[in-house]
Amino acid sequence: MSASAPSSAVVTRFAPSPTGFLHIGGARTALFNYLFARHHGGSFRLRIEDTDRARSTDAAIAAILDGMGWLGLDHDDEIVYQFSRAARHAEVAHALLEAGHAYRCYATAEELEAMRAQQRAEKRPLRYDGRWRDRSDGPEGAPFVIRLKAPQTGEVTIDDKVQGPVTVANAELDDMVLLRSDGTPTYMLAVVVDDHDMGVTHVIRGDDHLNNAFRQLALIRAMNEVEGEWPEPIYAHIPLIHGADGAKLSKRHGALGVDAYRDQLGLLPEALENYLLRLGWGHGDDEVISRAQAIEWFSLEAVGRSPSRFDMKKLESVNGHYIRATGDARLTTLIQPKVESALARPLAPQDIELLQRSMAELKKRAPDLNSLAASALFYLRTRPIPMDEAALRLLASAPSGLLVRARAALAAVSPWVVPDLEAAARELATAEQLKLGAVAQPLRAALTGAGQSPGLFEVMEALGRDETLGRIDDAIAQTHETTSA
RNA sequence: GGUCCCUUCGUCUAGCGGUCAGGACGUCGCCCUCUCACGGCGAAAGCACGGGUUCGAUUCCCGUAGGGAUCACCA
């Protein structure tokens, strides 16, 4: 199970723990790992850190896979499930133990808690005091953990590709637990062993792991002495994403799963990717960056060192851009389920065709797929269509008889195309001594049931002659009812 | 509290000793216009503070302040 890839090849990995959805920060970490690997022609691996049996769920694994699939972050090779490698982790811990780089610690949880309480009381740093470090007189048969015998003097420097050189004194680090008393590996052990065995060359992760890196390095160095061939990976700790208020993004704080960005917010995956990429990374003045360009341009050196805040407005703007750039057929497919659910009926082929024809107009005004779907509804509603307040007001304030005369003028139009329809409307406006808007707004209300919509004449053309005239008839009838009532 | 990291418009960022400190989102104004958008033009808005180094600091160094991360037999 040792590294099979050539040592020159870049190997990165994304290693989420399946305790919940794939959140926005994780998605960005995955993206950076993906881009870095692709940029260097290396491989991007996925490891599920499911050693916490109590909190790991299959549903979370599915959600993570689903999210990565949606974002198009395809990983190489098979997925590594960390829990399945527990035996190998223990093997490494025991190798360290035999070589004298680790030791058995028999301190109980209560004992350690008392130790920390005293350290707290004395306002000293909280860390394991090494009470079993140089002892071998442990009680027979008593439970013990295996701790790393870490260097206690000197200092370690990590040349982090994002943070720059970071130095910590070894005295600050205590002897971490490698193997729990029940024989299961801790996270620290598992990560290091798995990264080594998977041939990971570059560890790109959130900077909440920066402190861990020093302890992990100590473990790697110890194994390198025991076995050799345990190269130190190159580290890159990327800053976390904060919420709009500057606080860390948490589950109750705007950190939604990527599925929510897709389903609830109606985002396009390429929009989220583009936004995430620009959060903490820049390439000159470039804002809209394709996957191919991202792969070509991505570098760790260009990743910023400060945390960035999540800005929904900008995400929406990016999303709107991508919607406008997306083909009508794809957009139609994407909103079809949303439209069907709103209309409570399946769409017929002619409905879909109508949607597709209207898409060019609709997509210019939609920041997300949900509003795109909502804005398309009026095309497909069956007569008489519902009117919102603005529409009702427009119809009520229209000059008496205007709709009737407009209907007559439009009925005479042939062919039923935008320029001719508009010409007819302008002619009528002139005859009525009205501005075009005064004619258009009541018609818009009649045809769309709203005070705002895509271009009126484009709507007429898309709706077709019969439906257009029919909806005007409905409005005329309704106006009569209202006035006579 | 210890340790570590960070600090350019409200937000995301460009800048890597000499720039009118650039772009984007947002905001405001104007234009386009049948509404709303899209699009176009323009405006307001920033180097956290204090010391150095230097002929010259947004840029390099040191403090201060503020923010963040982390200190488990969680990951």
Side-chain angles (χ1 to χ4, degrees), chain A residues 15-19 49-52 54-56 82 105 107-109 112-113 116 119-120 123-128 143-147 160 162-164 166-169 171-174 176-188 190-191 206-214 237 239-240 242 244 246-248 275 278-288 302 304-318 320 324 361-367 375 390 394 422 425-426 429 435-441 443-445 448 450-457:
Chain A
S17 52
T19 54
E49 307 214 322
D50 54 353
T51 53
D52 185 337
R55 293 198 299 154
S56 297
Q82 193 160 61
C105 168
T108 62
L112 291 176
E113 190 36 58
R116 286 189 206 99
Q119 288 169 340
R120 249 189 303 271
K123 294 191 191 275
R124 283 169 31 225
L126 307 182
R127 58 178 76 111
Y128 176 68
F144 60 87
V145 300
I146 295 181
R147 287 183 185 270
D160 193 278
V162 168
Q163 305 291 342
V166 182
T167 302
V168 164
E172 298 295 334
L173 279 15
D174 60 7
M176 64 181 169
V177 173
L178 263 21
L179 219 52
R180 302 188 186 102
S181 51
D182 65 357
T184 60
T186 60
Y187 161 79
M188 288 288 181
V191 192
D207 69 5
D208 49 337
H209 287 285
L210 182 55
N211 293 286
N212 289 337
F214 293 93
H237 289 95
L240 267 22
H242 289 180
K248 185 189 175 183
Y275 176 73
R278 285 285 293 102
L279 213 51
W281 179 86
H283 184 270
D285 285 341
D286 295 301
E287 293 289 345
V288 176
R305 283 150 298 277
S306 56
S308 40
R309 298 188 187 200
F310 189 81
D311 182 359
M312 197 58 214
K313 279 287 204 287
K314 181 132 185 183
L315 212 204
E316 269 177 11
S317 162
V318 172
R324 273 169 254 131
E361 278 290 304
L362 289 173
K363 70 185 179 187
K364 283 193 293 194
R365 11 182 92 70
S375 71
L394 283 168
E422 180 166 354
R426 286 188 186 281
K435 288 189 172 181
L436 181 56
V439 173
Q441 280 305 81
L443 283 171
R444 164 171 283 108
T448 72
Q452 55 187 65
S453 79
L456 183 61
F457 308 108

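Every chain is numbered from 1 and lettered A, B, ... according to where its sequence line falls, protein lines coming before strand lines.
When the P atom of G68(B) is taken as reference, atom NE2 of His242(A) falls 7 Å away, rounded to whole Å. Between the C1' atom of C73(B) and the CG atom of Leu178(A) lies a distance of 11 Å, rounded to the nearest Å. One atom, CZ of Arg127(A), and another, C1' of U70(B), lie 12 Å apart when rounded to the nearest Å. We find that CG of Leu173(A) is positioned 11 Å from P of C4(B), with the value rounded to whole Å. The interatomic distance linking Asp208(A) (CG) with U70(B) (C1') rounds to 9 Å, in whole Å. The CG atom of Asp207(A) sits 9 Å away from the P atom of A69(B) (whole-angstrom rounding). With rounding to whole Å, Tyr187(A) atom OH is found 9 Å from A75(B) atom P.
Under a 3.5 Å cut-off, the side chain of Glu422(A) and the backbone N or O of Phe457(A) do not form any donor-acceptor pair.
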List every contact pair, protein side and nucleotides 30-37 of chain B side both N or O, where the distance is under 3.5 Å.
residue	atom	partner	partner atom	Å
C34(B)	OP1	Arg426(A)	NH2	2.5
C34(B)	O2	Arg444(A)	NH1	3.1
C34(B)	O2	Arg444(A)	NH2	2.7
C34(B)	N3	Leu456(A)	N	3.2
U35(B)	O4'	Gln441(A)	OE1	3.2
U35(B)	O2'	Gly451(A)	O	3.2
U35(B)	N1	Arg444(A)	NH1	3.4
U35(B)	O2	Arg444(A)	NE	3.4
U35(B)	O2	Ser453(A)	N	2.7
U35(B)	O2	Ser453(A)	O	3.2
U35(B)	N3	Arg444(A)	NH2	3.0
U35(B)	N3	Ser453(A)	O	2.6
U35(B)	O4	Arg444(A)	NH2	3.4
U35(B)	O4	Gly455(A)	N	3.3
C36(B)	O2'	Gln452(A)	NE2	3.4
C36(B)	O2	Arg365(A)	NE	2.5
C36(B)	N3	Arg365(A)	NE	3.3
C36(B)	N3	Arg365(A)	NH2	2.6
C36(B)	N4	Arg365(A)	NH2	3.4
A37(B)	O2'	Lys364(A)	O	2.6

Short heteroatom pairs, N/O only, protein and nucleotides 40-45 of chain B, under 3.5 Å:
none

Using a cutoff of under 3.5 Å, can you pull out all pairs of nitrogen or oxygen atoms linking the protein to nucleotides 6-13 of chain B, with atom names and distances?
residue	atom	partner	partner atom	Å
C12(B)	OP1	Arg309(A)	N	2.9
C12(B)	O2'	Arg278(A)	O	2.8
U13(B)	OP1	Gly280(A)	N	2.3

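The side chain of His209(A) lies closest to A75(B), out of A75(B), G39(B), C73(B).
Look at the C1' atom in both A75(B) and U70(B): the space between them is 13 Å, to the nearest Å.
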